[in-house]
Amino acid sequence: MAMAASRSLWASRAASFLRISTFPRAFSTVLKDLKYADTHEWVKVEGDSATVGITDHAQDHLGDVVYVELPEVGASVTQGTNFGAVESVKATSDINSPVSGEVIAVNDELLEKPALVNGDPYEGGWIIKVKVSNAGELNSLMDDEKYSKFCEEEDSKH
């Protein structure tokens, strides 16, 4: 019994160190310090730029990703509108931008290795970087706890 408690404490400390939410979810990882859209994209803001990708929850529901459609560098994106698509063995899904601005980088590695979206959705599987034009839009996005609850409620409907 003490061994299980010790493992649980270790896991909780490790999650805290790695900045991973320990909010109970069915296998999907939700990171702290990111913002989330209700269309299952995440955004990490650093200064006036933001990195965007799809969440672990989204990639899990999509299945094995086989193709990622990327926008051009210099393209404008608008919060809540489509800028690309992710094609998996199950379905094709639009990717919506959680922020408005100009695309300043795209993850070209996804053209050769689209499965990075599955294996590493929050790091190697990022999709675009955007120069944010309206930081106030971030206020309409969810934090990790709200997003976890949102996913639980959405999953319970299916």
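Residue numbers start at 1 and run along the sequence shown.
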Where do [X] and [Y] come nearest, in terms of heavy atoms and distance?
X: Thr81; Y: Thr78; result: OG1-O, 2.7 Å
X: Glu69; Y: Ile95; result: O-CD1, 4.5 Å
X: Thr92; Y: Ala85; result: CG2-CB, 4.2 Å
X: Asp60; Y: Lys90; result: O-NZ, 4.3 Å
X: Gln59; Y: Asn118; result: OE1-ND2, 2.7 Å
X: Val77; Y: Val99; result: CG2-O, 3.7 Å

Taking [Y]'s backbone N and O only, do any of them form a donor-acceptor pair with [X]'s side chain (distance below 3.5 Å, no angle check)?
X: Trp42; Y: Ile54; answer: yes
X: Glu137; Y: Ser100; answer: yes
X: Asp94; Y: Phe83; answer: no

With a 4.5 Å cut-off on side-chain heavy atoms, are [Y] and [X] touching?
X: Glu153; Y: Lys149; result: yes
X: Glu46; Y: Thr51; result: yes
X: Val66; Y: Val89; result: yes
X: Leu111; Y: Val68; result: no
X: Val52; Y: Ile127; result: no

Do Phe150 and His40 have ring centres separated by under 6.0 Å?
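They qualify: ring centres under 6.0 Å apart.
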Tell me every residue that passes side chain to side chain contact (heavy atoms under 4.5 Å, CB included) with Ile104, counting only those two or more places apart in sequence or in another chain.
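Here the qualifying residues are Ser49, Lys129, Lys131.
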Residues that Glu109 engages under side chain to side chain contact (heavy atoms under 4.5 Å, CB included), provided they are two or more places apart:
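So Glu109 forms a side chain to side chain contact (heavy atoms under 4.5 Å, CB included) with Asn107, Lys113, Leu116.
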Ignoring hydrogens and angles, state whether a donor on the side chain of Gln79 or Ser140 is under 3.5 Å from an acceptor on the partner side chain.
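On atom types as modelled, these side chains qualify, holding a pair under 3.5 Å.
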Check step by step if side chain to side chain donor-acceptor pair (under 3.5 Å) holds for Ser88 and Tyr67.
CA-CA 7 Å; Ser88 74; Tyr67 178 74; over 6 Å; no
Establish whether [X] and [Y] are linked, either directly or via other cluster members, by ILVMFWY side-chain heavy-atom contacts under 4.5 Å.
X: Tyr36; Y: Val43; result: no
X: Ile128; Y: Leu62; result: yes
X: Val117; Y: Tyr122; result: no
X: Val65; Y: Leu70; result: yes

Decide side chain to side chain contact (heavy atoms under 4.5 Å, CB included) for Trp126 and Asp120; before the verdict, give the C-alpha distance in whole Å, the side-chain angles of both, and the deciding distance to 0.1 Å.
CA-CA 8 Å; Trp126 65 274; Asp120 194 12; over 6 Å; no
Just to verify, which of Lys146, His61, Met142, His57 counts as forming a side chain to side chain contact (heavy atoms under 4.5 Å, CB included) with Cys151?
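Testing Cys151 for a side chain to side chain contact (heavy atoms under 4.5 Å, CB included) against Lys146, His61, Met142, His57 leaves exactly one candidate, His57.
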Can you measure from CD (Glu41) to OG (Ser97) and round to the nearest 0.5 angstrom?
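So the CD of Glu41 and the OG of Ser97 are separated by 8.0 Å.
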